[in-house]
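Below: one structure, written as structure tokens.
Below, all heavy atoms of this structure are taken into account, side chains as well, without hydrogens, waters or symmetry copies.
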Amino acid sequence: MGTPLAENHKRGLHSIVDIIQFMTHDGLLLYKKKGTRQPIKKVVAYEKTMNETKNRKGVVFVSPSKEELVEGKGFVVTSYETLQEKYQNLSHWTPNTYRGGTYYDFKNRIIKGHQRENLKQIHVIGLDIDSKEVDLYALYLGCEELGLPRPNLLLETPRGFQVFFVLETPFHINKKHDYKALRVAERLSENIRKALKKYVPVDTGCIPFGFYRIPREDNVLDFYDQPANTSLLLTWSKQYEEQENRNFLRVVYNKNAPAIDQTSSDWYRALIRATHIEEGHYGSSRNNALMTLALANYASDKTIEEAYDELDQFNSNLEHPLKKREFERILKSAYSGKYKGVKRSYVEDLLELWTDGQAKFKGREGWYKFKKPREERVRSHYKEWEEDIIAYLDTHTSPEKPFLEASLKNLAETFGIPLSTLKEVCKHSSKIKKFTIGRGRGAVTKLASRSMLFRSLLLLRRNHIRQAQLTFAELLPVPNHFTAALPLPTLEAELLTHEVDIIYSSGASPPDKLTS
């Protein structure tokens, strides 16, 4: 079955089967029950160990192609030996293990048993990104800023990418406990998706513990073999929900701005016609729906009596209406004068959950747009110049050649901005890396966007994975509350090392100065 994962880790090597075994928490049998090619002595000794520990293994479901998966076709796999033999001819699998599986139609391989209630363990949280137009640097940086652990696996798919967190302690699914662990795991998965959606276009609607792409040499971009601490993730999830609930209402002050009639908007009419809104959906419950509608009335200069009449009818039409006392408390709070608008993301969540999705929220976060102070306007101009430079860099560089090289004066002319402005943007930007090699008129400046440098680093990793399954130095630091794990270099340090390696490998002299 190849070298154990622990031995491979010492040598910096990982095979695809190592990755699969790591993701499934050794949840499958090592050898096939029938037709194994391993020495009989090894198989007998292994079976004896399994019988002594009474450790019942699970199964995973696999499918050769997306088309066959759509038709419900696939195989039930019980061993790593089978996966080692077949993974190169498979496209999808269930990284979380099930208690068992069978076939509706054995001849046509119509698989049966991959429903959520049959899950044995949840040890992987997967995310789907259905777009190639995505900054993967933002994904990893988002994990760092949110306090999430570094993703354990990044795969490229035909339409985008898939990201996986492997849990140190799995959720054991048990019917006796009314599937409580399953609900907790689903809630954790939902919170991670919603949090990371601010950085990359994560699909928040896909089934959390279903089929995903199977790791192969041609799709693995990054692998990290330190699992995420489950207990700390649950603490993060609770804190995230508390923070999101606090941020539900956004205070916006501008008493002199003219009112915009939000009650005539498509989203308002779609939401007020919804009758099946329920409690218990955190930022998208019936309480929050009523508060959102009430705030829309208040921001539209409707009197509290007008709002009461309309929203009382809305509440009465609900399948599970609020009690009169609770209804009046929410309406009074909306009209208290503390709030002038609602948060766009929560309106969109309400529309997605309780309507047909046709109506869209139009506008920005709040109802009012006001003039910024002069200092903020100046900063906004620098922001626009930074975006223009990054757009040019991303168009004229590549992962193979991530740097744009010229004199600083020529670069300023290329970007169409003053030299002094370019210097200021490079000085303050966190998204652009600048190297100056040499002095005076002979100095050469190298510019690169951090996202392109990150893509360059991933390309390097991918090439090594294809050739030797090498594991490289870490991309991200462990966030503060994950300090029990190994000390890791920061993303900044990792990119710096990569940048200097690129410069030296091209034959250039060491940089005279290095600035961000």
Side-chain angles (χ1 to χ4, degrees), residues 132-142 144-145 154 199-200 221-222 379 381-465 470 472-477 488-516:
K132 291 284 188 181
E133 301 300 319
V134 60
D135 183 3
L136 294 174
Y137 177 80
L139 167 68
Y140 282 73
L141 192 61
E144 182 177 340
E145 291 180 353
L154 175 65
Y199 297 86
V200 289
L221 296 179
D222 184 39
R379 286 202 297 268
H381 288 312
Y382 277 107
K383 186 71 174 178
E384 291 170 3
W385 284 321
E386 178 192 53
E387 291 173 354
D388 290 342
I389 293 171
I390 291 172
Y392 187 93
L393 289 172
D394 287 345
T395 302
H396 293 82
T397 60
S398 66
E400 292 80 7
K401 296 182 178 180
F403 288 101
L404 192 65
E405 180 178 328
S407 68
L408 199 59
K409 180 180 179 181
N410 287 341
L411 286 172
E413 293 174 355
T414 299
F415 299 139
I417 62 176
L419 178 60
S420 59
T421 299
L422 177 58
K423 290 179 179 179
E424 283 298 308
V425 172
C426 291
K427 180 180 178 180
H428 297 289
S429 175
S430 62
K431 299 179 181 179
I432 298 173
K433 292 296 291 184
K434 170 179 169 283
F435 293 88
T436 301
I437 302 173
R439 297 175 182 273
R441 293 184 178 180
V444 175
T445 298
K446 291 174 176 279
L447 282 185
S449 69
R450 289 173 184 258
S451 61
M452 188 61 72
L453 282 169
F454 186 76
R455 288 171 61 187
S456 179
L457 182 58
L458 286 181
L459 176 67
L460 180 66
R461 290 181 178 229
R462 181 173 189 171
N463 289 338
H464 279 283
I465 286 169
L470 288 177
F472 292 85
E474 311 314 322
L475 285 170
L476 290 180
L488 304 176
T490 64
L491 178 56
E492 179 72 19
E494 177 69 15
L495 286 175
L496 173 60
T497 302
H498 180 52
E499 292 155 6
V500 175
D501 285 345
I502 291 175
I503 294 176
Y504 287 177
S505 64
S506 64
S509 302
D512 181 59
K513 289 193 296 182
L514 172 61
T515 59
S516 295

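- Crowding of Lys132 atom NZ: a count of heavy atoms from other residues, nucleotides or ligands under 6.0 Å exceeding 12.
- The closest side-chain heavy-atom distance from Ile417 to Asp388 is not below 4.5 Å.
- To the nearest 0.5 Å, the span separating CD1 on Ile390 from CZ on Arg450 amounts to 10.0 Å.
- At a threshold of 4.5 Å between non-hydrogen side-chain atoms, the residues Lys434 and Leu408 count as touching.
- Between Thr445 atom OG1 and Phe403 atom CZ the span is 12.0 Å, to the nearest 0.5 Å.
- Looking only at side-chain heavy atoms (C-beta outward), Phe415 and Leu404 come within less than 4.5 Å of each other.
- A 4.5 Å side-chain heavy-atom check between Leu393 and Met452 finds every atom pair outside the cut-off.
- Distance check, rounded to the nearest 0.5 Å: SG of Cys426 to CD of Glu386 gives 9.5 Å.
- At least one side-chain heavy atom of Glu145 sits under 4.5 Å from a side-chain heavy atom of Tyr199.
- Partners of Glu413 according to the side-chain hydrogen bond (donor to acceptor under 3.5 Å, both in side chains) rule, which considers only residues two or more places apart in sequence or in another chain, do not exist here.
- In terms of heavy atoms, Pro402 sits closest to Ala448 at O-CB, 3.2 Å.
- You'll find the side chain of Ile389 reaches within 4.5 Å of the side chain of Leu422, heavy atoms only.
- From Trp385, atom CH2 reaches atom CD1 of Ile432 across 13.0 Å, with rounding to the nearest 0.5 Å.
- We find the CG-CG distance between Leu136 and Leu141 to be 12.5 Å, quoted to the nearest 0.5 Å.
- Note that OG1 of Thr414 is 10.0 Å distant from CG of Leu447, once rounded to the nearest 0.5 Å.
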